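Here's the structure, in structure tokens; my notes come after.
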Amino acid sequence: MEGMARQVFLDTQNNVTEELISERRLWTAVPANAVEGWRGGTLRARREAPEFLFESDVDFDMVCAGAGLDAGDFRTRLLKIGRHIETDGPLMMLKAA
């Protein structure tokens, strides 16, 4: 999979076109939508988004490569956000009261 991600990156560095920009925006919308669902979407989205973001290596790597993101770095940052959400979320606020 790394080879495909590397090739996508090299191709994007060599040829920047309107089509490529549109494609990159489309790929970027996928993880953005997953993060939105994970942080505060419907019950279904909050259940399915973590599966994609943290358990689906092949799909996640492919989407990140298309979006121009480093999958490992992005996942690490999401885990940091997740710890913040868990400690500041509504359940923690109820326990504090």
Side-chain angles (χ1 to χ4, degrees):
M1 191 63 199
E2 285 185 35
M4 183 178 136
R6 194 170 286 127
Q7 184 60 43
V8 168
F9 179 75
L10 290 174
D11 288 346
T12 59
Q13 296 300 309
N14 294 332
N15 302 313
V16 177
T17 63
E18 290 293 324
E19 183 178 328
L20 181 62
I21 293 169
S22 297
E23 185 176 323
R24 176 71 53 91
R25 285 183 180 160
L26 182 61
W27 281 112
T28 303
V30 175
N33 188 39
V35 170
E36 287 177 15
W38 173 52
R39 291 195 60 209
T42 64
L43 180 59
R44 181 178 181 170
R46 287 184 304 207
R47 196 175 31 224
E48 291 177 354
E51 290 176 19
F52 169 70
L53 294 170
F54 303 109
E55 299 170 20
S56 175
D57 291 333
V58 174
D59 291 340
F60 185 77
D61 289 347
M62 182 180 67
V63 168
C64 286
L69 299 170
D70 177 277
D73 181 58
F74 186 51
R75 191 169 271 166
T76 299
R77 291 171 186 263
L78 289 173
L79 288 169
K80 288 179 184 177
I81 292 170
R83 283 192 290 274
H84 179 71
I85 290 170
E86 289 173 9
T87 59
D88 291 342
L91 294 177
M92 291 303 291
M93 293 174 68
L94 289 174
K95 288 179 184 179

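The structure displayed is predicted, hence computed values, not measured ones. These values consider heavy atoms only, across backbone and side chains, with no hydrogens, waters or symmetry-generated copies.
- Checked against Val35 for a side chain to side chain contact (heavy atoms under 4.5 Å, CB included), the options Leu53, Ile81, Val30 give a single hit: Leu53.
- The shortest heavy-atom contact between Ala67 and Trp27 is N-CB, 3.5 Å.
- Salt bridge status for Asp70 with Arg75: absent, with no side-chain N to carboxylate O gap under 4.0 Å.
- Remark: Arg24 CZ to Ile21 CD1 distance equals 9.5 Å, nearest 0.5 Å.
- Separating the CG atom in Asp57 from the CE atom in Met62 is a distance of 13.0 Å, to the nearest 0.5 Å.
- Separating the CZ atom in Arg46 from the OG1 atom in Thr42 is a distance of 7.0 Å, to the nearest 0.5 Å.
- The shortest side-chain heavy-atom distance between Phe52 and Val63 falls under the 4.5 Å cut-off.
- If you take CZ on Phe60 and CG on Leu69, they are separated by 8.0 Å, rounding to the nearest 0.5 Å.
- Among all heavy-atom pairs drawn from Ala45 and Pro50, the shortest one is O-CD, 4.1 Å.
- Minimum heavy-atom separation, Pro31 to Phe74: CB-CE2, 3.7 Å.
- Of the inter-residue distances, the one linking Asp59 atom CG with Glu51 atom CD reads 11.5 Å to the nearest 0.5 angstrom.
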